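See below for the structure under consideration.
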Protein chains: 2
Amino acid sequence: MALDPAPAEPAAEAPVTSRIVALVSAGVASSRADLARELGVAPSTVSGRVTELIDAGVLDEGGAGESRGGRRPRLLRLRPDGGHVLAADLGGTHARLAVMDLTGRLGAVREVPIEVADGPEAALAAILEEGADLAAPSAASSAASSDAAPGARSALRGIAIGLPGPVDVVTGRVESPARMPGWNGFAVRDWLAERAGVPVLVDNDVNLMALGEHFSYPRRVEHSVTVKAGSGIGSGLIASGRLHRGATGAAGDITHSRVSAAGEIPCSCGKLGCLETIASGAAIVRQLRAQGLDVTTTADVVRRAGDAEPAVTTLVREAGRHLGEVLCTVVNFVNPDAVFLGGALSTLEPFVASVRSQLYEGCHPLVTKNLVITRATTGPEAGVIGAGRLVVQHVLADPGAFLLRD
Amino acid sequence: MALDPAPAEPAAEAPVTSRIVALVSAGVASSRADLARELGVAPSTVSGRVTELIDAGVLDEGGAGESRGGRRPRLLRLRPDGGHVLAADLGGTHARLAVMDLTGRLGAVREVPIEVADGPEAALAAILEEGADLAAPSAASSAASSDAAPGARSALRGIAIGLPGPVDVVTGRVESPARMPGWNGFAVRDWLAERAGVPVLVDNDVNLMALGEHFSYPRRVEHSVTVKAGSGIGSGLIASGRLHRGATGAAGDITHSRVSAAGEIPCSCGKLGCLETIASGAAIVRQLRAQGLDVTTTADVVRRAGDAEPAVTTLVREAGRHLGEVLCTVVNFVNPDAVFLGGALSTLEPFVASVRSQLYEGCHPLVTKNLVITRATTGPEAGVIGAGRLVVQHVLADPGAFLLRD
DNA sequence: CGAGGTTCCTTCGCGGTCGAACAAAGTAAG
DNA sequence: CTTACTTTGTTCGACCGCGAAGGAACCTCG
C-alpha cells in the first residue's frame, strides 16, 4: 500500500542556503532576523547558514541598519563582485539574450537573428559569441547605480538556455523536436558547458517562461498555466510550485489539440484540425498571405495588428478564441490560480481579450472565481528572466563551488 | 526572487514511520532491508523506526524468511489485532460500503440503496448503520485464513467517505454540489466523527478512486489521470504522486468541456455542448428513451450493452469517443504515465476501446509512447479501496495514537 | 542616567536522517 | 569443513534543521 496522499503542507522547499541568497539578492530581506521571518525558519538556522555564506565569500556584512526599536540589524548584501549569468531564449528565427547579475536583476538584453534551422553548432556558437559581447561593457551598463567597481569585467558564472522544443533536462539533450532540424539528440548542455566552462541549464522555452512568470507574480501562486503564443503555441504547467514535465517530458502540449472550428489544414504532427493550424502566429501569417497581404513573420502580424488593421485584428481575435477554447478544457481540469499569457501574440490586447472571454464563458464558475488571467507580467523578457533566475539559483545553490572559481 | 524550481528529486515525502507501516501492511516489503530498498532510505533509518514501531506494538516480528543468498530476513508484519476501517463510496442512488483491515485488505463489501437527494443526515445515518452491520460478523468473514482470533470483534479505527461532488477537505464540508440537494455546506466530517468517535476523512469520490488506482497499479506510476464514467463524468489528477486538487478544489472537471459534436442540450451548468450532455450515463439513458427504449438508469444501459444490443452499444461507443476527444487535450497537456478508466461505463469493452482509440489517434506520439490506458484495475471497488487505504494510512500515521485506543 | 522593554543574533541541546563501518547469519564452492 | 561471498541488520559519528535560553545592542521613559 504505497499510498502517499498530499499531507497538510509539505511544500517542497529548496535548500535554505539557496533561499537565503535569493531573498538577500532580491532585497526582500537584509538582516538575519528578516530572513528568519521571511523564510519561516529558526533564527539559529539562518545564523548558521549566513556565517557559512560569509565565510564562502558569497555574502557580505555592510554596516548596521535602522533600528526598529531595539538592537540595530547587521545588514547583509550579496558581494558585488559576484559575476553574472547569461540567459538565452531561443526562438525559431531569433534568440533573445540577456545578462543577469547574481541578484537576479536583468542587465543588457539583446535580440539577435539566429536561424534554428542552421543546426545547433551554428546557433549555439552565435549565442556564446553574442553573449560574451553583451557582457563585455561590464554588466553594470544598464543598472547604472550599481556599486560594482566600474569597468570591472565580472565573471560568467553560468548559462541557461530555453529551446523551442522538447528537452530532456536530465541529459541536457534535445529530443525529436518538430521545428528544429538537425538538433535531434544534440547534447546542448555538454556542448555549451565544455566551451564556456560554467554550469549550463537547458530546458524548454515555455517551461522557463512558466517558472519566471509563476514566481515573479506579486501574489502567491500555487498552480499556474503559462501559454506562449508566438509563431508556435506552447504551454507549461506548474502544480504545487513544481514544474510539471510529465511522464516523457512532453507535458504542456496544447498545440496539437483538436479545435472545433478547425479547417482541413494538415498539421506537422500528421493530423488535421490542430490548434496550431489556425491559431499560431505562423497560421495567421499563412491566412493573411492567402488574402493577398504582404506578411512573412509573426512580428509583421503583431505590428500590423498594433496598427489596427481590420483583417489582421480579426484573425488575431479568432486565434485568441481558438486558444481560449482549448484552454477551457485545460483550466477546468487543472483549476489553476493563474493563467499567464506570453509570446508575441499576447502583447496584443484583442488576443488577450478573446482568450479571457472564452475562459470566463467556457469554464466552471468555481474555477474562474479567483482565477487570474493576465499577460506575462515580465513582458517579452519572461523567457530570459525565468532562465536567468533558474541558473542564478543553481549557481548559488552551492556556495562552495561559487568560491572555487574566484 | 522567490524562485523555487523542482530540484532533482525532492519528492515531497510522507513521514518515514507512516510509509513503513504502509509498505508492510501492503505486503510490498516484509523485512527491514526490503523497506530500505523500497523507500530509498538508509538502512539505519529503517532500523530505528522499526524498533520504535515494534515497541509501540504496531508491528510484529514473525519468524525468518527465505534467504536470497545471504542472511535470512526477519519478517515483519502488522499486528493482526489492529481493528478495521469503514470505507464508503457514495453515488447518486446507492452507496458502496466496505470493511478494510489495517493491512489494506478488503473485507466484506455491500451495496446499499441510498438516495443522495434525501439529504445528508438520512444518507450518512444509513451508512453508519449498514457499516456497523457489515463489520458485525467479524471483519474476518471474507478473508478466511486471517489469523485474527476468530469471532473477535475488531474495533472501528476510522471512516473514509467519497462523495459525488466538490468537497472542501480542510473543513470536511460539501461545497455547492450540483447533484446533491440539501448537502451544500453540510459538515459531513464533523457529523460522522461526532457520532462514530473515530477519525473521518471526506473527499470527492473520484479523488479517492484516483488515489486507489494510482497506488494499486502494479507498475510505478508518477502521474496519472483517472476518469470515472458513470451516470456523471468526473476525473482526478495525480501529479508527482500527489493528488492535485487545484486552486479552489475543483480540479479534474472534464464534464463541462465543450465537445465538437455536441448537440443543443443544455447542461446543468447553463452552457450548451458539455461532454456531460452526450457522453454520461444519464445522457445515454436520455437518448435511448428518446428512441423509445425502456431504460431508466445507467445500470440498465450497462446490462443491455453487455447483452450487445446494437442501439445501446452504438451510443456507448459514441460516448467513449466523445470522452476520448476531451481526454486527448488533457492527456496531451498533462502527459501522464497512465489513464485509468473507472465507473460503470468503463466496464464495457466498447466504451474502453473507443476511448483508447481516440487517445491513440489524437495524442502526440511522444505522449502515447509509454502511456498505459486501462480500465480501473480494482474494478467497481476502486472507490472504496482508495478511501479505505487513505484512512488506514491516516490512522497508522501516528503509532502512538494507535496504541492509545487499544 | 539607569531601568526595562525590544530587537537582533548566537549558543546549546534535541531529533531525524544519512553514510560508513561492522557484526550476524546465511549460501556456495573448493 | 573451510573459505569467500552475499545479504541482513545494528552501531556510531556527522549534518541539518528546530526550539529555548541567553547575551548584545539599542530605544524609551521616568
Side-chain angles (χ1 to χ4, degrees), chain A residues 7-24 28-56 59-77 397-400, chain B residues 4 7-21 23-24 28-56 59-77 397-400:
Chain A
E9 200 59 9
E13 305 284 11
V16 168
T17 307
S18 151
R19 297 201 295 157
I20 285 178
V21 182
L23 287 182
V24 170
V28 175
S30 51
S31 72
R32 294 164 176 81
D34 267 4
L35 286 165
R37 275 189 297 267
E38 204 68 32
L39 292 172
V41 111
S44 47
T45 305
V46 173
S47 192
R49 299 305 122 211
V50 166
T51 24
E52 208 177 281
L53 284 165
I54 291 179
D55 287 351
L59 291 184
D60 220 359
E61 216 163 32
E66 279 310 290
S67 164
R68 303 199 315 177
R71 172 173 170 177
R72 282 157 57 189
R74 289 149 70 185
L75 297 183
L76 298 171
R77 57 176 189 191
D398 183 359
Chain B
D4 194 7
E9 200 58 10
E13 307 284 12
V16 168
T17 307
S18 150
R19 296 201 298 157
I20 285 178
V21 181
L23 287 182
V24 170
V28 175
S30 50
S31 72
R32 294 163 177 81
D34 267 4
L35 286 165
R37 274 189 297 269
E38 205 68 33
L39 293 172
V41 111
S44 46
T45 306
V46 174
S47 192
R49 298 304 121 211
V50 166
T51 24
E52 208 176 280
L53 283 166
I54 291 180
D55 287 350
L59 289 184
D60 220 359
E61 215 163 33
E66 278 311 290
S67 163
R68 303 199 315 175
R71 170 173 171 178
R72 283 157 58 191
R74 288 150 72 186
L75 296 184
L76 297 172
R77 57 177 188 191
D398 182 358

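A, B, ... follow the sequence lines: proteins, then strands. Residue 1 opens every chain. Only this structure's heavy atoms are used, side chains among them; waters, hydrogens and symmetry mates stay out. Since this is a predicted model, take the numbers as computed values, not measurements.
Distance B/Arg19 CZ to C/dG16 C1': 14 Å, rounded to the nearest Å. At whole-Å resolution of the value, CD in A/Glu38 and P in C/dC8 are 13 Å apart. The nearest whole Å value for the distance from the CG atom in B/Leu39 to the C1' atom in D/dG9 is 16 Å. In this structure, A/Leu75 places its CG atom 9 Å from P of C/dC9, rounding to the nearest Å. A straight line from CZ of B/Arg74 to P of D/dT8 spans 13 Å, rounded to a whole angstrom. Straight-line distance from the CG atom of B/Asp55 to the P atom of D/dT10: 12 Å, rounded to whole Å. Rounded to a whole Å, the CD atom of A/Glu61 is 14 Å from the P atom of C/dC8. In this structure, B/Arg49 atom CZ and C/dG15 atom P are separated by 11 Å, rounded to whole Å.
Between the OG1 atom in A/Thr45 and the CG atom in A/Leu39 there is a gap of 9.5 Å [rounded to 0.5 Å].
The residue A/Ser31 sits close only to the backbone: its heavy atoms come under 4.0 Å of sugar-phosphate atoms, none of a base. Within 4.0 Å of B/Val41, counting heavy atoms only, lie sugar-phosphate atoms of the nucleic acid but no base atom.
The one candidate from B/Glu61, B/Arg32, B/Arg74 that meets the side-chain contact (heavy atoms from CB on, under 4.5 Å) condition with B/Val50 is B/Arg32.
Listed pair B/Arg37 / D/dT7 fails the phosphate criterion, with no side-chain N or O lying under 4.0 Å from OP1 or OP2.
Residue pairs meeting the salt bridge (charged side-chain N to carboxylate O under 4.0 Å, His left out) criterion with at least one partner in residues 36-51 of chain B, sequence neighbours excluded, are B/Asp34-B/Arg37, B/Arg49-B/Glu52.
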Per-nucleotide protein contact string for nucleotides 20-30 of chain D (B base, S sugar-phosphate only, - none; heavy atom under 4.0 Å): ---BBBBS---
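In this structure, A/Ile20 and A/Leu59 have side chains that are in contact, with non-hydrogen atoms separated by less than 4.5 Å. The side-chain heavy atoms of B/Ser30 and B/Leu75, taken from C-beta on, include a pair separated by under 4.5 Å. Within the 4.5 Å cutoff, side-chain heavy atoms of A/Val24 are placed close to those of A/Leu35.
Scanning both residues, A/Ala64 and A/Arg72, for their nearest heavy atoms gives CB-NH2, 3.6 Å.
Closest contact between the side chain of A/Arg32 and the listed nucleotides D/dT8, C/dT10, C/dC8 involves C/dT10.
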